[in-house]
Chemist: 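Would you mind keeping the following structure in view while I ask a few things?
In what follows, chains are A, B, ... by sequence order, proteins preceding strands, each numbered from 1.
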Protein chains: 2
Amino acid sequence: MNRFISGRRKMRVTLKDVAREAETSVAAASATLSGKPSGNMRISEATRQRVIEVAARLGYVPNPIARSLTTGRTGVLGLVFPYVDAFVDRNPFCSMLMNGVFTEAIQDSYNMMLYTVRDGFWAGKHKIDPRVDGLVLALPASDEPLLLRCRESSFPCVAIVCAPQPDPVMTVNADDYQGGLLATKHLLDLGHKRIMMLHGGDLVSTNQPRLDGYRKAMQDAGMQVTPDLVVRAGFDWRPGFEAMTTVLERPQSEWPTAIFAVNDLCAAGAIRAIKAKGLSVPEDFAIVGFDDTWFSTTTQPMLTSVRMPIKEMGALAARMLASEVNGKPPTERHPVLPVSLTIRNSCGASTQVPALEFPES
Amino acid sequence: MNRFISGRRKMRVTLKDVAREAETSVAAASATLSGKPSGNMRISEATRQRVIEVAARLGYVPNPIARSLTTGRTGVLGLVFPYVDAFVDRNPFCSMLMNGVFTEAIQDSYNMMLYTVRDGFWAGKHKIDPRVDGLVLALPASDEPLLLRCRESSFPCVAIVCAPQPDPVMTVNADDYQGGLLATKHLLDLGHKRIMMLHGGDLVSTNQPRLDGYRKAMQDAGMQVTPDLVVRAGFDWRPGFEAMTTVLERPQSEWPTAIFAVNDLCAAGAIRAIKAKGLSVPEDFAIVGFDDTWFSTTTQPMLTSVRMPIKEMGALAARMLASEVNGKPPTERHPVLPVSLTIRNSCGASTQVPALEFPES
DNA sequence: GTGAAAGCGCTAACAG
DNA sequence: CTGTTAGCGCTTTCAC
């Protein structure tokens, strides 16, 4: 009997079993079953059939661990996620990104290992895990040790929503600059002059281009961006709330009339602050967010927001990584995906959105 | 030079390198570094130090693949998720569950492999992957082939939000029955008599106990549950919308005055249908949902909902699995976690919720 | 055409 | 107390 217990795991049928049963060599069995007649090795149709039949009969499943040890490939891609609790639970951004990465990875027959990172357990602590062939890094900062480590050792990886990286690191980004431009222009077009930006701080790569886009639009319109118009908030709800609360403590004459928030959660926080003061959106303040996930439809009023193709970005990243790992490096190694503006009710512009909307993703 | 290219991956420092450099045997090096003086093997403090020093100097990192091959253990847990696109993106249930599982797994120094399953690629296609030591199965149905396969081969696994399973499969559930009871009683207490349940269909395990709880509460209150009060909807937004729309096409005299929806998404759909008819909640219909994630706070009005400790359930599942895998089988193999009722504005009951609420998870 | 043999990097027996 | 040896299951030269 060739099934026995080792440790606490039932041993499965091995290639040796198949070879013995099919009265041939392990090598031949391997060659047939892995489909690649390696080297100058050809298998006669007779043994081929026998091996295949026996393998099926015995229920042989190759052991990916053993295979990895010899081939140096695992067929697994890693996804590194730095985001924590509340942020993940509430921001569809994360699940949409994951969704994209996974959908594509499955298509390319890759499995996914997920590395999340939380308080006190940052990516810096992560070593490159040889159990994955490559990594998708959704790290917001471009100086993460893990990212640097990948670069140094030329480990296949693609950084997503992260500042441009030197080769061989690939990147996938949305056109944040254009997004900032679009958002601000929209507010400008509606006649606003004092437009404030609630930004996310310089630890997150996507912040700067959005801010640059904002500045450019303002400048093009001949508006001056005084320091009081650029207020530090963050990419989550609470910092948006707190920053806006602070702004509303200024004399009313110094208030902006419109706000461009660095993302939707931040915008939602700002809206809460505004409501808490007994004021309202869009009557007292117009506000534009960024991301345009279905979250944007849950606020009151629903958010006008810059749309990023999040799921597509995840899928693209996975596809690029799979190509790289398979030795077909993608030609476009730093794609920047286009953004657009979804107009809802938070700016007072006439809406394009049907009254009854089921966000599909 | 012991670093060279094999295939396309830079070979890392191996144990052999360390042993040679430290002038000792591979076995000794292994024993020191893995911390377990295996068998009757003890290492002299001298070589111990030397090995450790050399390992550090060479930047030795053990290869988990090789280790797995010999030990039969991988240090990886798998999470199987059947849910698809829109549902995942919009329902915090999924990310909260993941969050719980991951947080706990990390604490126990396990890595996580994620298997998602989507249209045309069901769990039935999954083989048990020997690269994981155990599986958390978030499969809603109890007859999933993968689940059966685990049971047959005694592969360590815990099914979450799934009907009770025969040993050795472990399960983690919320008290759905009690939830149905609580929700319905709340509506009863508010004076409702015609209470309808929008249920999710019998393909999902949690549906039945919720329905049973509903029936029991009605029965205890002396209300008759006529067939027209039990309407098939689903666990997503659209089926809730469609089912409610159908109900509203009945003569008004046959309308319910209150609704218990099988989950929050379903409830939200129902609310949309009600609004689409020009009616409102809670004035025309009281409605209770199930899950009580922060999603419940995004509807208008905010949902009264049965709270499940979702994240805790995920964490518990991971912890139980880790124990099992480590040879310390948990004594409680089928925990049922308590639920409670969070009262908001969808039933017209006086609310307990602060006006300005930042859901933390 | 085919099979024997040498590893991949590590651990766990077993002698010394 | 230590080192030698034998695999884990698979792929891949390389002789036959």
Chemist: Select one nucleotide: of C/dG9, D/dG9, D/dG3, the one nearest the side-chain heavy atoms of B/Thr70.
Modeler: C/dG9
Chemist: Going through the checks in order, is the salt bridge (Lys or Arg N to Asp or Glu O under 4.0 Å) test met by A/Arg50 and A/Glu53?
Modeler: CA-CA 5 Å; A/Arg50 232 179 320 125; A/Glu53 184 270 325; over 6 Å; no
Chemist: Of all the heavy-atom pairs spanning B/Leu321 and B/Leu77, show the shortest one and how long it is.
Modeler: CD2-CG, 3.7 Å
Chemist: Applying a 4.0 Å non-hydrogen cut-off, can you work out what A/Thr47 is touching in the nucleic acid: base, sugar-phosphate, or nothing?
Modeler: sugar-phosphate
Chemist: Can you tell me which nucleotide in C/dT2, C/dC10, D/dC8 comes closest to the side chain of A/Ser44?
Modeler: C/dT2
Chemist: When you measure from the side chain of B/Thr71, which nucleotide among C/dG9, C/dT11, D/dG9 comes out closest?
Modeler: C/dT11
Chemist: Hey, is the side chain of A/Ser68 poking within less than 4.0 Å of OP1 or OP2 on C/dC8, counting only N and O atoms?
Modeler: no
Chemist: Would you mind reporting whether A/Ile160 and A/Met313 have side-chain heavy atoms less than 4.5 Å apart?
Modeler: yes
Chemist: Rounding to a whole Å, what distance do you find between B/Leu33:CG and C/dC10:P?
Modeler: 9 Å
Chemist: Whole angstroms only, please: what is the CG-P distance between B/Leu69 and D/dA6?
Modeler: 18 Å
Chemist: At 4.0 Å (heavy atoms only), tell me whether B/Thr24 reaches a base, stays on the sugar-phosphate, or touches nothing.
Modeler: sugar-phosphate
Chemist: Compute whether any side-chain donor of one residue and acceptor of the other, for B/Tyr115 and B/Asp129, lie under 3.5 angstrom apart.
Modeler: yes
Chemist: Take the protein atom CZ of A/Arg131 and the nucleotide atom C1' of C/dG9, then report the distance between them rounded to whole Å.
Modeler: 14 Å
Chemist: Nearest to the A/Ala66 side chain among C/dC10, D/dC10, C/dT2, which nucleotide is it?
Modeler: D/dC10
Chemist: B/Lys16 has a side chain; which of C/dC8, D/dT11, C/dA4 sits nearest to it?
Modeler: C/dC8
Chemist: Quick one: A/Arg12 CZ to D/dG9 P, roughly how many Å, whole number?
Modeler: 10 Å
Chemist: Using atom CZ of A/Arg20 as one end and atom C1' of D/dG9 as the other, report the distance to the nearest whole Å.
Modeler: 13 Å
Chemist: Please give, in whole Å, the distance from C/dG9 P to B/Ile65 CD1?
Modeler: 10 Å
Chemist: Does a side-chain N or O from B/Ser30 land closer than 4.0 Å to OP1 or OP2 of C/dT11, or not?
Modeler: yes
Chemist: Taking the nucleotide of DNA chain D with the nearest heavy atom to each, does A/Val61 or B/Glu23 sit closer to the 5' end?
Modeler: B/Glu23
Chemist: Can you figure out which of D/dT11, C/dC10, C/dG3 approaches the side chain of B/Pro62 most closely?
Modeler: C/dC10
Chemist: Is the CD atom of A/Glu332 crowded by more than 12 outside heavy atoms at less than 6.0 Å?
Modeler: yes
Chemist: Taking C-beta and beyond as the side chain, do A/Leu135 and A/Phe155 meet within less than 4.5 Å on heavy atoms?
Modeler: yes
Chemist: Which of these nucleotides, D/dG9, C/dC10, D/dT12, is closest to any side-chain atom of A/Thr14?
Modeler: D/dG9
Chemist: How close or far is atom P of C/dG9 from atom CZ of A/Arg67, stated in whole angstroms?
Modeler: 18 Å
Chemist: Separation of B/Leu58 atom CG from C/dG9 atom P, in whole Å?
Modeler: 14 Å
Chemist: Among C/dA12, D/dT11, C/dC10, which is the nearest nucleotide to the side chain of B/Leu15?
Modeler: C/dC10
